[in-house]
Amino acid sequence: MAANVSKLNMSRFRRSFCAVCPVFPLNHLAELICVLVTVCVLTQQSLADEQAFVEDFLKREYSLVKPYRGLGFSSSSQWDLMGTAMVSPDHVRLTPDMQSRQGAVWSRIPFILRDWELKVHFKVHGVGKKNLNGDGLAIWLTKDRMQNGPVFGNMNHFVGLGIFVDTYPNADKMHDRTFPYVSVMLGNGTLSYDHDRDGRPTELGGCSAMTRNSIYDTFLLVRYSKNRLTLMVDVDGKQEWRDCAEIDGLRLPTGYYFGASSVTGDLSDNHDIISMKVYQLTVERTPEEEEEEEEVTIPRVDDMHQFQVNVEEEGMSGVQFFFTLLFSVLGLGVLAVVGLMVYSRWKENRRKRFY
């Protein structure tokens, strides 16, 4: 009965529609209606999902976005400026393209989320040619905030997470990496960042990414969930995330602070933060996983040995080896002559004692 009523209503609708719009072929009317209904439903659902994501998951208290109203020196500010960092309508400039500058921006609110995602929109640019530019910038989630230091403008022996966008190769031999290079380091208060080796001994993972003087927008995405940290980049204008590093068994305490910093020396660049958006992730855990979740006080990686890297020293060239060998032979020859002279004199003196 219901089917007959439905067919009757559809037949009446077709006759009415044909009377109003006779130009539409009757045979394609059903297909057209289905397409329109499908498009409307999908569009409404997509907009609803996007709206719910923005309202429910974007954590504005931890985010740095335009027009940067929560940034400044007032007591109500959520972010602090440090050093040469300054605010413009379009970005927060950590360091200008000038020598010997150091700047940073730090959140005032301790971070307490267990599962989260950080999306950083940044820009590194300057007039210097390749390999004649500043060091780069760093994104932080650390125990201490507002600390000056040599590690991209932050303290050494830090406690927490550091994401480094390194644009200048300090090591003479770059091994298997191409710069600019993005890397991850976890500090526990005892590890030191090795500038001479571009942080290679303490690196947990990384990838090459053309982040300097790019004609496209450059982004980093850091996702932390269930003790797994994933780092992705979007730097080539395709609007697609590319895997950069993935670290399992990484354990971070809560109560740390987000920040970004940069420093210039004899070489320089503009280092700009356009936005830092933090999202809370909804992750389901089984009762067993909840019981196994332990309270972490010091950052660590469960299997640190898998990340140990033996950095080869720069070997001698052929010319260096030749001169080293030559001087070694000459040195041995001189020692032999001196030894013979001493022995001859000793022997002569001994002969004279018997006269």
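Two residues are said to be in side-chain contact when any heavy atoms from C-beta on lie closer than 4.5 Å; E203 and M185 fail this criterion. The side-chain heavy atoms of Y256 and P299, taken from C-beta on, include a pair separated by under 4.5 Å. Using a 4.5 Å cut-off on side-chain heavy atoms (C-beta onward), V301 and L204 make contact. In this structure the side chain of L81 reaches within 4.5 angstrom of the side chain of V92, judged on heavy atoms. L252 places a side-chain heavy atom less than 4.5 Å from the side chain of L141. Counting heavy atoms from C-beta outward, K66 and P89 have side chains that stay 4.5 Å or more apart. Between R242 and V235 the shortest side-chain heavy-atom distance falls below 4.5 Å. Here the side chains of V159 and T142 are not in contact, with every heavy-atom distance at 4.5 Å or above.
Y224 contributes atom OH, which lies 15.0 Å from atom CD of E117 (distance to the nearest 0.5 angstrom). Between the CG atom of L281 and the CG atom of L113 there is a distance of 9.0 Å, given to the nearest 0.5 Å. Remark: D269 CG to N213 CG distance equals 6.5 Å, nearest 0.5 Å. The NZ atom of K123 sits 12.0 Å away from the CZ atom of R212 when rounded to the nearest 0.5 Å. Note that NZ of K59 is 10.5 Å distant from CD1 of I109, once rounded to the nearest 0.5 Å. Between R251 atom CZ and L186 atom CG the span is 12.0 Å, to the nearest 0.5 Å.
Within the structure, the disulfide bond (SG atoms under 2.5 Å apart) test picks out the following pairs touching residues 212-279 (sequence neighbours left out): C207-C244.
Shown here are the side-chain contact (heavy atoms from CB on, under 4.5 Å) partners of T297, two or more places apart in sequence or in another chain: there are none. Applying the side chain to side chain donor-acceptor pair (under 3.5 Å) test to D90 and every residue at least two apart in sequence or in another chain returns nothing. Listed by chain and number, the residues in a ring-ring contact (aromatic ring centres under 6.0 Å, His included) with H121 are F219 (sequence neighbours excluded). The side chain to side chain donor-acceptor pair (under 3.5 Å) test applied to S208 returns no partner, not counting sequence neighbours. For M146, the side-chain contact (heavy atoms from CB on, under 4.5 Å) partners two or more places apart in sequence, or in a different chain, are D80, M82, W106. With sequence neighbours excluded, no residue forms a ring-ring contact (aromatic ring centres under 6.0 Å, His included) with Y257. The side chain to side chain donor-acceptor pair (under 3.5 Å) search around N156 returns S192, not counting sequence neighbours. Residues forming a side-chain contact (heavy atoms from CB on, under 4.5 Å) with I215 (at least two apart in sequence, or on another chain): none. By the side-chain contact (heavy atoms from CB on, under 4.5 Å) test, R228 pairs with T230, E246, D248, sequence neighbours left out. Partners of E294 under the side chain to side chain donor-acceptor pair (under 3.5 Å) rule, at least two apart in sequence or in another chain, are R300. Scanning for ring-ring contact (aromatic ring centres under 6.0 Å, His included) contacts around F158 gives W140, with sequence neighbours left out.
For the pair V182 and A209, the tightest heavy-atom approach, listed with the atom from each and the gap, is CG2-CB, 4.1 Å. Taking every heavy atom of both residues into account, L58 and K277 meet most closely at CD1-CB, 4.1 Å.
Counting only distance, with no hydrogens or angles, the side chain of E289 and the backbone of T286 share a donor-acceptor pair below 3.5 Å. S63 places no side-chain N or O within donor-acceptor distance of the main-chain N or O of V65, the cut-off being under 3.5 Å. Looking only at distances, a side-chain donor or acceptor of T84 sits under 3.5 Å from a matching main-chain atom of L94. No donor-acceptor pair under 3.5 Å is formed between the side chain of T264 and the backbone N or O of L267. Between the side chain of Q78 and the main chain of G70, no donor-acceptor pair closer than 3.5 Å is present. In this structure, the side chain of T167 engages the main chain of D135 through a donor-acceptor pair within 3.5 Å. With D115 contributing its side chain and K226 its backbone, the two residues share a donor-acceptor pair below 3.5 Å. Of the possible donor and acceptor atoms, one in the side chain of D194 sits under 3.5 Å from a partner among the backbone N and O of D196.
The local environment of CD1 in I112 is sparse, with at most 12 non-hydrogen atoms from other residues, nucleotides or ligands closer than 6.0 Å. Residue-environment remark: CD1 (I298) stays at or below the threshold of 12 foreign heavy atoms within 6.0 Å.
Ring geometry for H195 versus Y193: interplanar angle over 60°, hence perpendicular rather than tilted (30 to 60°).
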- Task: Evaluate the side-chain contact (heavy atoms from CB on, under 4.5 Å) criterion for residues K119 and V222: first the C-alpha distance (whole Å), next the side-chain angles of each, then the deciding distance (0.1 Å), finally the verdict.
- Result: CA-CA 7 Å; K119 182 179 180 182; V222 186; over 6 Å; no
- Message: Please evaluate residues F164 and F152 with respect to the criterion ring-ring contact (aromatic ring centres under 6.0 Å, His included), reporting the C-alpha separation (whole Å), side-chain torsions for both, the decisive distance (0.1 Å), and the verdict.
- Response: CA-CA 8 Å; F164 307 130; F152 296 90; 5.2 Å; yes
- Are L229 and L161 close enough, and set up right, to give a side-chain contact (heavy atoms from CB on, under 4.5 Å), and what steps lead you there? CA-CA 10 Å; L229 186 135; L161 182 70; 3.5 Å; yes
- Message: Quick one, V124 with N270, criterion side-chain contact (heavy atoms from CB on, under 4.5 Å). Give me CA distance, side-chain angles, the key distance, then yes/no.
- Response: CA-CA 6 Å; V124 180; N270 296 304; over 6 Å; no
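Separation of the F57 and W116 ring centroids does not fall under the 6.0 Å cut-off. Annotation: F111 is in aromatic contact with F258 [ring centroid separation under 6.0 Å].
The pair R114-E290 counts as a salt bridge, with a side-chain nitrogen and a carboxylate oxygen less than 4.0 angstrom apart.
Under the side-chain hydrogen bond (donor to acceptor under 3.5 Å, both in side chains) rule, S268 has a single partner from T95, N133, D97, which is D97.
Side chains of D198 and N170: a donor on one and an acceptor on the other come within 3.5 Å. In this structure, a donor-acceptor pair under 3.5 Å is present between the side chains of N148 and Q102.
Both I274 and V165 belong to a common hydrophobic cluster when Ile, Leu, Val, Met, Phe, Trp and Tyr are linked at side-chain heavy-atom distances under 4.5 angstrom. Criterion: ILVMFWY side-chain heavy atoms under 4.5 Å apart, direct or through other members. Under it, V278 and L137 are part of a common hydrophobic cluster.
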